[in-house]
Amino acid sequence: GAVVSQHPSRVICKSGTSVKIECRSLDFQATTMFWYRQFPKQSLMLMATSNEGSKATYEQGVEKDKFLINHASLTLSTLTVTSAHPEDSSFYICSASGQGGGPDTQYFGPGTRLTVL
Amino acid sequence: SQQGEEDPQALSIQEGENATMNCSYKTSINNLQWYRQNSGRGLVHLILIRSNEREKHSGRLRVTLDTSKKSSSLLITASRAADTASYFCATAKTGANSKLTFGKGITLSVRP
């Protein structure tokens with residue numbers, strides 16, 4: 001149980017375009033979802049926390065207009081990177097926690113590798 | 001400031017040996033968690049230890065927590081080549097649905 005999926009796993013886009021990444025909890029209701037980014041050989045940096053039905057809370061230094069987060073249901077959150085630039089190239093990972101998945105444990109998706117040309 | 005910091009940053013051992021990884025943190029916590037990440041993949045939750053616990057076991061894993069020293073250790077016994085991965089500690093300041101602060105990670109290489 002407690003499986004989280006992400007789609008797509010890899011995406012390559014041109015500079016200036018927008019990219020949407022989906023995060024789904026497959027077998028539990030995720031009241032909270034988290035979005036992280038990870039640069040090569042570095043740690044995970046939390047970007048934002050989203051609760052179902054409410055606006056996301058962004059970490060300091062993360063542009064909310066550039067990284068749009070929607071958590072419309074208990075099983076789906078999306079991250080849209082708007083007007084992507086090469087410096088946005090990174091590994092984006094979501095995690096989910098909530099009912100049925102263990103209250104204190106975050107379950108991570110497999111990540112999405114974004115490359116902006 | 002970095003909440004969780006692991007040491008060593010890289011560890012190379014022979015299959016069958018034990019691997020010990022340490023993590024230190026700065027502020028008070030509700031729980032500390034260890035995760036594993038294979039190259040280019042997502043994170044796998046290994047074990048969670050709460051602030052009122054001192055030691056926890058799960059299979060070949062043993063985790064200790066010393067809140068007075070603000071440190072934790074992860075011991076992998078009888079290591080296998082398949083244990084090769086990056087290991088991260090992460091701390092949560094509050095309980096349910098709390099955000100995690102990750103350390104920089106330790107790269108473990110287990111030589112067959």
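Keep in mind that the numbers below use all heavy atoms, side chains included, and drop hydrogens, waters and symmetry copies. Note on naming: letters A, B, ... go to the chains in the order of the sequence lines (proteins, then strands), and numbering restarts at 1 for each one.
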Which pair of non-hydrogen atoms, one from B:Phe102 and one from A:Leu44, has the smallest distance, and what is that distance? CB-O, 3.9 Å

Same cluster or not: B:Ile13 versus B:Tyr87, using hydrophobic residues (I, L, V, M, F, W, Y) connected whenever any side-chain heavy atoms lie under 4.5 Å apart? yes

Can you tell me if B:Gln9 has over 12 outside heavy atoms packed within less than 6.0 Å of its CD? no

Should A:Gln106 and B:Gln33 be marked as a side-chain contact (heavy atoms from CB on, under 4.5 Å) after you check the CA-CA gap, both sets of side-chain angles, and the distance that decides it? CA-CA 10 Å; A:Gln106 291 183 26; B:Gln33 305 179 35; 5.5 Å; no

Relative to chain B, which segment of A:Gln38 carries a heavy atom at a distance below 4.5 Å: side chain, backbone, both, or neither? side chain

Closest non-hydrogen contact found for A:Phe34 with B:Lys99 is CE2-CA, 3.6 Å

Count the heavy atoms of every other residue, nucleotide or ligand shown that sit under 6.0 Å from NZ of A:Lys66, and state whether that count exceeds 12. yes

Side-chain polar contacts of residues 59-67 of chain B - donor-acceptor pairs under 3.5 angstrom, sequence neighbours left out - could you list them?
from    : atom 1 : to      : atom 2 : distance (Å)
B:Arg60 : NH1    : B:Thr77 : O      : 3.0
B:Arg60 : NH1    : B:Ala78 : O      : 3.2
B:Arg60 : NH1    : B:Asp83 : OD2    : 3.0
B:Arg60 : NH2    : B:Asp83 : OD1    : 2.9
B:Arg60 : NH2    : B:Asp83 : OD2    : 3.2
B:Arg62 : NE     : B:Glu55 : OE2    : 3.1
B:Arg62 : NH2    : B:Glu55 : OE1    : 3.3
B:Thr64 : OG1    : B:Ser73 : OG     : 2.6
B:Asp66 : OD1    : B:Ser68 : N      : 3.0
B:Asp66 : OD1    : B:Ser68 : OG     : 2.5
B:Asp66 : OD1    : B:Lys69 : N      : 3.1
B:Thr67 : OG1    : B:Arg54 : NH2    : 3.3

Flag, side chain of A:Ser43 to backbone of B:Gly103, donor-acceptor distance under 3.5 Å: yes

Proximity breakdown for B:Leu48 and chain A, heavy-atom pairs closer than 4.5 Å: side chain

Of all heavy-atom pairs between B:Gln37 and A:Phe91, which one has the smallest distance, and what is that distance? NE2-CE2, 3.9 Å

Heavy-atom count check: over 12 atoms from other residues, nucleotides or ligands less than 6.0 Å from B:His57 NE2? yes

Would a 4.5 Å heavy-atom cut-off, applied to side chains only, mark A:Leu46 and B:Thr101 as touching? no

Using the rule that two of Ile, Leu, Val, Met, Phe, Trp, Tyr join whenever any of their side-chain heavy atoms come within less than 4.5 Å, decide whether A:Leu79 and A:Tyr107 are in one cluster. no

Membership question, hydrophobic clusters at under 4.5 Å side-chain separation (ILVMFWY): are A:Val4 and A:Leu76 in the same one? no

Roughly how far, to the nearest 0.5 Å, is CZ of A:Phe108 from NE2 of B:His45? 9.0 Å

Quick one: OG on A:Ser95 to CG on B:Leu100, what's the gap to the nearest 0.5 Å? 7.0 Å

